4 protein chains.
Amino acid sequence: MTGTTAESGTGATVRDRVLRAATTLFAQKGFEGTSVREIVLAAGVTKGGLYHYFDSKDDLLHEIYTRMLRVQTQRMETIAASDLPLPQRIHAIVVDVVATSIAHLDEAVVFFQSMHLLPEQKVAQVRAERRQYHERVRELVEDGQRAGLFRTDVPADIVVQYHFGAIHRLGQWYHHDGPLSGEQVGHHFANLMLASLLGDFSL
Amino acid sequence: MTGTTAESGTGATVRDRVLRAATTLFAQKGFEGTSVREIVLAAGVTKGGLYHYFDSKDDLLHEIYTRMLRVQTQRMETIAASDLPLPQRIHAIVVDVVATSIAHLDEAVVFFQSMHLLPEQKVAQVRAERRQYHERVRELVEDGQRAGLFRTDVPADIVVQYHFGAIHRLGQWYHHDGPLSGEQVGHHFANLMLASLLGDFSL
Amino acid sequence: MTGTTAESGTGATVRDRVLRAATTLFAQKGFEGTSVREIVLAAGVTKGGLYHYFDSKDDLLHEIYTRMLRVQTQRMETIAASDLPLPQRIHAIVVDVVATSIAHLDEAVVFFQSMHLLPEQKVAQVRAERRQYHERVRELVEDGQRAGLFRTDVPADIVVQYHFGAIHRLGQWYHHDGPLSGEQVGHHFANLMLASLLGDFSL
Amino acid sequence: MTGTTAESGTGATVRDRVLRAATTLFAQKGFEGTSVREIVLAAGVTKGGLYHYFDSKDDLLHEIYTRMLRVQTQRMETIAASDLPLPQRIHAIVVDVVATSIAHLDEAVVFFQSMHLLPEQKVAQVRAERRQYHERVRELVEDGQRAGLFRTDVPADIVVQYHFGAIHRLGQWYHHDGPLSGEQVGHHFANLMLASLLGDFSL
DNA sequence: GATGAATGAGAGTTCATTCAT
DNA sequence: AATGAATGAACTCTCATTCAT
């Protein structure tokens with residue numbers, strides 16, 4: 001009768017415990033390599049409990065994506081709307097997305113490793129939100145190109161794919177016990193990006 | 001009379017038909033989303049035939065990786081050993097790896113999407129070869145830094161991770177029916193990379 | 001309305017139906033000659049149901065062994081601890097183990113025919129319990145030797161291996177429709193055993 | 001052209017190398033636990049080579065049985081036909097069957113562990129030969145009973161099943177590095193058997 | 001809200017055997 | 001006499017999900 005939602009976990013809600021366990025396991029062993037059984041064991045809940053809160057295993061993945069995207073998009077919009085000079089704004093956006101990706105490395109790993117496993121319908125929804133993010137950054141780059149600040153021989157599209165490609169692979173090599181903090185990596189990445197936009201090397 | 005070797009395939013050997021079918025399917029539906037049954041159906045062979053040539057489904061993935069790595073490493077070594085000026089050598093390497101990645105886009109997609117699904121032992125072997133590739137390029141960057149050609153405020157390691165990150169994500173957005181050829185994308189990427197190395201933007 | 005728990009079985013629990021079917025089939029066709037598919041068909045359950053209760057096909061075998069051993073060991077201990085004269089105690093033990101082996105002939109057949117197919121770890125556990133049984137009987141024989149009741153020119157070890165060897169082969173020749181009951185065979189075996197211990201024929 | 005039958009083995013014929021490898025493997029891992037692939041690897045022959053000499057995997061098992069049976073039956077007949085006194089003749093037969101079973105322990109293990117896996121037809125043939133052996137010994141026991149040498153309260157059938165049961169289990173516990181030789185075990189078994197026949201303990 | 005027994009389709013893999021060479 | 005590529009059926013086991021309680 002006294003059995004509350006915190007009966008065998010850390011006190012968090014069933015929903016949160018499940019999401020946390022799923023994120024860790026998906027990052028470690030991949031989405032398809034993790035069974036629902038393992039998730040409920042790690043979360044200290046039952047299968048019935050999990051399915052009470054989530055429609056399917058896919059739904060878990062979708063939820064992880066949505067959470068991360070929402071946070072990153074919101075932070076980016078805030079910076080993009082600030083009155084910093086354009087290069088500094090782009091610089092700040094890159095530092096921020098790198099730092100938050102590293103702060104939530106498990107989510108980031110899952111995001112870029114497993115998105116293709118979702119059913120077409122859900123993947124379309126996630127991609128739409130993602131595209132929105134990319135397009136906002138592309139607009140900033142195009143603003144800079146029109147203002148004569150950035151090189152124009154490379155399409156803004158390619159620039160964005162190039163730089164976000166690098167950011168999406170962070171989870172493949174960054175380790176928390178390495179020499180550089182997320183902020184530091186973010187600054188290096190942002191410096192490289194802006195130099196590439198300002199420079200004019202061409203063959 | 002009844003069953004020739006090419007009854008349902010393209011006339012290529014069983015081994016090749018299997019590899020080709022597996023590459024296509026893995027790229028389309030992911031490694032874990034593709035069943036052995038689907039591979040043998042697409043290849044026009046029997047399960048027993050597949051397992052005569054490959055030890056496991058993992059083995060197929062490993063073979064796809066190894067083939068691609070071998071080709072790319074060899075081409076890179078040739079360019080790296082040429083007597084072009086250093087920036088041009090790096091430029092040529094990037095153009096080449098982008099162009100070959102796009103020419104074999106399915107393999108590239110599979111490579112960076114599914115490597116983590118291999119057992120530890122095999123993944124270590126692939127990673128060792130991959131690292132060799134990365135380290136060779138890092139040496140070139142360090143050569144340029146020591147020669148005073150490239151900026152030194154960003155570690156060569158970070159530069160390599162940054163630029164290869166971008167290259168590894170090619171399969172996520174490039175489509176053969178888009179406006180740019182592999183060569184063209186390669187040139188854009190190489191120009192961005194060299195500008196970022198030569199520039200000195202820093203915040 | 002549609003599917004009750006006893007729709008195709010005898011009304012016993014899934015677990016029991018599976019064990020019963022497995023025992024019969026293993027005895028008839030051997031462990032390796034019986035497929036899981038055959039077991040679930042005979043038991044009227046699904047594969048998933050079987051694997052809900054048992055970890056593996058091996059686990060079924062192990063369970064059959066354990067059940068039988070537990071029963072026989074317990075009965076033997078009771079008789080061994082009684083205050084009958086030593087020869088009568090040994091006699092009673094042999095009658096009992098023969099009679100119960102015949103009463104559960106399928107289990108006995110499976111036990112001695114398939115134990116070697118279990119993985120090392122599980123076989124060790126079963127052997128440990130079995131050895132305990134054998135050693136208890138060996139102690140009784142040694143008691144009799146020390147008391148001057150039994151011949152001492154044959155090691156107690158050999159005596160036990162000899163007589164239990166005979167008992168372990170019961171399943172190879174005994175048929176329920178033969179002329180002798182389990183009790184009767186037990187008496188014959190026990191009489192032979194005691195005569196061999198009391199006698200002194202030697203060449 | 002010079003490729004003889006001893007190309008990769010110990011110089012024995014292909015046929016013998018196969019039989020020897022099969023016997024060892026069947027004894028170690030069971031008949032069903034040993035694959036044809038393992039046999040050809042251990043024997044240093046090819047699958048085609050094996051199937052050139054043997055019709056099937058079953059055929060190998062059958063051949064192992066037949067060889068052993070033939071040898072033991074022949075030796076027994078020789079002793080049975082000798083003019084030793086009856087008890088000594090039985091004693092010698094038991095010593096001999098134990099000693100030869102131990103000398104060919106692998107064959108003996110395979111024989112009693114895997115016979116039930118043969119198809120009905122072949123198993124019938126082996127059993128017929130085996131029964132012949134048993135019946136010959138039963139006749140000797142009955143001779144002794146009729147002559148008033150042996151107890152008659154236990155049927156000769158039971159006596160034979162009892163004692164051969166013990167012998168058939170030799171492979172389950174005897175180890176070549178133990179304290180007793182095959183001859184010694186044979187003498188102990190024979191002494192126990194004759195004491196049980198001569199004695200009259202009965203409850 | 002939450003349980004856990006039950007489902008049944010499908011997974012990857014191994015197998016003894018055949019046969020063109 | 002001997003090869004080894006190829007077969008295809010059968011194998012054990014896992015899976016995400018459902019539903020009566």
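First the proteins, then the strands, lettered A, B, ... as listed; each starts at 1. Since this is a predicted model, take the numbers as computed values, not measurements.
Residues satisfying the salt bridge (charged side-chain N to carboxylate O under 4.0 Å, His left out) criterion with B:D16, sequence neighbours excluded, are B:R67. For A:Q113, the side-chain hydrogen bond (donor to acceptor under 3.5 Å, both in side chains) partners two or more places apart in sequence, or in a different chain, are B:H116. D:E38 meets the salt bridge (charged side-chain N to carboxylate O under 4.0 Å, His left out) test with D:K29; sequence neighbours excluded. When the salt bridge (charged side-chain N to carboxylate O under 4.0 Å, His left out) test is applied to A:R15, the partners found at least two apart in sequence or on another chain are A:E63. Among residues two or more places apart in sequence or in another chain, the ring pair (Phe, Tyr, Trp, His ring centres under 6.0 Å) test is passed with B:H104 by none.
Under the salt bridge (charged side-chain N to carboxylate O under 4.0 Å, His left out) criterion, no residue pair touches residues 39-54 of chain C, with sequence neighbours excluded. The ring-ring contact (aromatic ring centres under 6.0 Å, His included) contacts involving residues 43-63 of chain B comprise nothing, where partners must be two or more places apart or lie in separate chains. Residue pairs meeting the ring-ring contact (aromatic ring centres under 6.0 Å, His included) criterion with at least one member in residues 31-50 of chain C, sequence neighbours excluded, are C:F26-C:F31.
F:dT21 and E:dG1 are spaced 22 Å apart, taking the P atom of each and rounding to whole Å.
Side-chain atoms of A:L19 and A:L60, non-hydrogen and from C-beta on, do get closer than 4.5 Å to each other.
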Can you give the donor-acceptor pairs under 3.5 Å from side chains of residues 117-128 of chain C to other protein atoms, not counting sequence neighbours?
none

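Fit an axis to the five pairs at each end of the helix from E:dA2-F:dT21 to E:dT21-F:dA2 and the two axes sit 10° apart, to the nearest 10 degrees.
You'll find that the side chain of C:V14 is closest to E:dA6, out of E:dA6, E:dG1, F:dT3.
Distance D:F54 CZ to F:dA1 P: 14 Å, rounded to the nearest Å. One can place CG of B:L50 at 20 Å from P of F:dG4, the figure rounded to the nearest angstrom.
At least one side-chain nitrogen or oxygen of B:H52 sits closer than 4.0 Å to the OP1 or OP2 atom of F:dA5.
Distance CG/A:L25 to CG/A:D106: 9.5 Å, rounded to 0.5 Å.
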Notebook entry, point to check: Reading nucleotides 11-21 of chain E 5' to 3', which nucleotides get B (base under 4.0 Å from a protein heavy atom), which S (sugar-phosphate only), which -?
Noted result: SBBBSSBB---
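For DNA chain E, none of the residues of residues 117-124 of chain C falls under the heavy-atom distance limit of 4.0 Å.
Comparing B:R15 and D:G49 against DNA chain F, the residue whose closest nucleotide sits nearer the 5' end is D:G49.
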